[in-house]
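Here's the structure we're looking at; comments come further down.
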Amino acid sequence: MSNSQPADTLKKSLPQHTKIFIGLAVGIVLGLLCNALFADAAWFDKLLRNVIAPFGQIFMRLIFMAVIPLIFSALVLGVAELGDVRQLGRVGMRTLLFTIVLTTISVIIGLTLVNIVKPGVGLEGPDRDALMSTITVSAKATIEKAAQAKSVVQTILDLIPKNPLSDATHAFDDNYTGGGILALMFFSLFVGIALAMVRSQRTIVFEQCLQGLYDVVMKIIGIAMKMAPYGVAALVMVVAARLGLNIIVLLGKFVLVVLVGLLIQMLIVYSIVLKYAVGVSPWKFLKNIQEVIITAFSTSSSNVTLPVSLRVTEHNLKVPRNITNFVLTLGSTANQNGTALYEGVVVLFLAQFFGVELGITQQITVVLASILAGIGTAGVPGGSLPVIVLVLQSVGVPGEAIGVIFGVDRILDMSRTVLNVTGDITVAMFIAKSEGAELKL
Ligand code: ASP
């Protein structure tokens with residue numbers, strides 16, 4: 001490459017993940033700068049609200065609109081391609097067991113750290129007052145949502161959709177009380193199983209149609225991802241500009257406990273799995289999934305990140321397509337290690353903050369609820385907040401307490417979503433290996 005090469009040719013040759021990374025860095029720096037300079041300026045607030053935030057939303061929505069057809073086609077094809085029901089049963093059981101094991105480890109890491117550091121105990125005086133004043137309207141809205149919670153029996157029943165189309169249309173609707181995306185997945189699993197069982201000329205045509213749908217949806221997402229460097233910049237700029245560094249410092253110990261917990265799971269637990277159970281280099285693994293990590297971080301949504309993780313896992317990591325489709329699609333909702341860890345830490349932190357002593361039964365309740373939350377929480381920004389309110393109330397901490405952590409929730413949401421999707425890909429690698437796939441990294 002000669003030095004005289006024009007700048008735009010150079011720009012074109014930058015790989016996509018580098019461009020997204022640059023977008024991320026620019027967004028953070030600009031956001032923090034603007035926070036320091038114009039945090040109180042009305043015009044800046046307007047600019048954020050009317051221009052920069054909507055721009056980021058355009059990027060998110062372009063992907064969101066493809067998620068439902070993607071989940072349906074990927075899951076049906078994944079299941080049908082797994083072929084016989086016995087292999088499906090084996091892969092399904094292993095995925096479930098491994099998910100539960102990883103989620104449990106993640107929750108235990110979080111709870112251990114929060115019990116050692118006790119981030120909620122030392123907060124007194126003005127810091128405490130400042131935090132109490134953050135219990136706002138938004139906390140109340142979350143509590144109202146949590147109040148609509150259903151019984152366990154109803155929750156399980158709702159997994160089986162009466163009308164899968166209704167669950168698909170309301171999958172990202174906060175106020176929907178049906179099974180939503182999990183019910184859609186249940187339906188897709190069944191269609192896949194039935195498709196694998198009825199092999200005829202006509203079902204082959206149906207399968208090819210689904211394959212066509214899958215390809216088209218992936219193309220749409222490919223087009224949307226061209227916007228990613230700018231979309232990512234806008235999304236993180238809004239967070240950095242609104243948040244600044246103050247609130248992070250105020251809740252410093254809590255933020256650190258969450259981040260250290262997430263890092264331990266990501267860099268130690270997953271690395272052990274990848275190195276010893278899968279036999280690949282954890283470092284190369286992380287390098288190959290950079291684009292997934294940045295997308296998860298900037299969008300705070302496992303569901304929005306799903307198309308990117310499907311592509312990267314199949315192409316960069318060479319995990320067979322049927323396993324990628326099956327494990328990642330289910331995992332985008334049902335395997336959320338970061339969310340589970342966070343739920344546990346938040347509940348214990350707020351109990352410490354409000355001086356509520358949790359006995360051993362209540363701590364066990366928190367562990368179980370966090371594991372379930374990792375499985376049941378929607379893969380959308382802030383998906384875990386209503387669940388946190390429920391767990392808080394069940395252990396005797398007022399639901400309003402969640403307002404204390406609202407200020408830092410978004411940045412921690414971005415971070416836990418990274419762990420959520422990295423966990424999905426780790427499970428896919430593990431399952432692929434156990435099914436005899438050759439994985440070289
Ligand atoms: N934002 C998370 C995800 O999509 C869910 C949550 O923890 O709120 O993975």
Side-chain angles (χ1 to χ4, degrees), residues 56-57 59-61 63-64 67-68 70-71 99 102-103 106-107 109-110 138-139 141-142 145-146 171-174 180-182 184-185 232 235-236 238-239 254-255 257-259 261-262 265-266 270 289 292-310 327-347 349 366 369-392 402 405-428:
Q57 284 302 317
F59 166 61
M60 289 270 281
R61 279 169 180 246
I63 302 184
F64 255 132
V67 168
I68 295 296
L70 179 72
I71 285 184
T99 297
L102 281 186
T103 312
S106 181
V107 173
I109 292 173
S138 27
T142 310
K145 216 181 293 165
F172 301 123
D173 175 354
D174 282 347
I181 210 148
L182 282 174
L184 175 68
M185 288 181 173
V232 163
L235 289 170
V236 289
V238 173
V239 178
F254 164 70
V255 172
V257 164
V258 175
L259 292 181
L262 297 176
Q265 177 83 350
M266 178 132 160
Y270 293 168
I289 64 162
V292 179
I293 292 179
I294 300 174
T295 311
F297 185 75
S298 51
T299 62
S300 286
S301 168
S302 304
N303 287 337
V304 170
T305 312
L306 176 64
V308 185
S309 20
L310 285 174
V327 177
L328 294 190
T329 309
L330 282 179
S332 66
T333 298
N335 178 32
Q336 301 192 343
N337 293 181
T339 296
L341 183 146
Y342 185 67
E343 302 259 347
V345 172
V346 170
V347 174
F349 166 74
V366 175
S370 305
I371 296 173
L372 285 179
I375 298 176
T377 299
V380 295
S384 47
L385 295 177
V387 188
I388 292 178
V389 172
L390 281 180
V391 187
L392 282 176
I402 198 174
I405 50 109
F406 256 172
V408 287
D409 181 68
R410 183 62 193 227
I411 182 82
L412 297 177
D413 195 2
M414 294 157 86
S415 314
R416 65 186 183 255
T417 307
V418 170
L419 189 70
N420 289 346
V421 297
T422 311
D424 298 338
I425 304 179
T426 307
V427 176

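For ligands, and for the atoms within them, numbers begin at 1 and follow the listed sequence.
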Distance dump, ligand 1 polar atoms to protein, N/O, under 3.5 Å:
unit_1   : atom_1 : unit_2 : atom_2 : d
ligand 1 : 1 (N)  : S300   : O      : 2.8
ligand 1 : 1 (N)  : V380   : O      : 3.0
ligand 1 : 1 (N)  : D413   : OD1    : 2.7
ligand 1 : 1 (N)  : T417   : OG1    : 3.2
ligand 1 : 4 (O)  : S302   : N      : 2.8
ligand 1 : 4 (O)  : S302   : OG     : 3.4
ligand 1 : 4 (O)  : G379   : O      : 3.2
ligand 1 : 4 (O)  : V380   : N      : 3.3
ligand 1 : 7 (O)  : T339   : OG1    : 2.6
ligand 1 : 7 (O)  : S384   : OG     : 3.0
ligand 1 : 7 (O)  : R416   : NE     : 2.6
ligand 1 : 8 (O)  : G383   : N      : 2.9
ligand 1 : 8 (O)  : S384   : N      : 2.9
ligand 1 : 8 (O)  : S384   : OG     : 3.0
ligand 1 : 8 (O)  : R416   : NH2    : 3.1
ligand 1 : 9 (O)  : S302   : OG     : 2.4
ligand 1 : 9 (O)  : N420   : ND2    : 2.8

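- Each of T426, T103, N337 was checked for a side-chain hydrogen bond (donor to acceptor under 3.5 Å, both in side chains) with Q265, and the lone residue meeting it is N337.
- Side-chain N or O atoms of D424 include none that pairs as donor or acceptor with a backbone N or O of L328 at under 3.5 Å.
- L372 meets the side chain to side chain contact (heavy atoms under 4.5 Å, CB included) test with no other residue; sequence neighbours excluded.
- Between T299 and P381, the shortest heavy-atom distance links the atoms O-CG, 3.7 Å.
- A side chain to side chain contact (heavy atoms under 4.5 Å, CB included) with T333 is found for one member of T377, I71, L184, N303 and no other, namely N303.
- Counting heavy atoms from C-beta outward, V258 and F349 have side chains that stay 4.5 Å or more apart.
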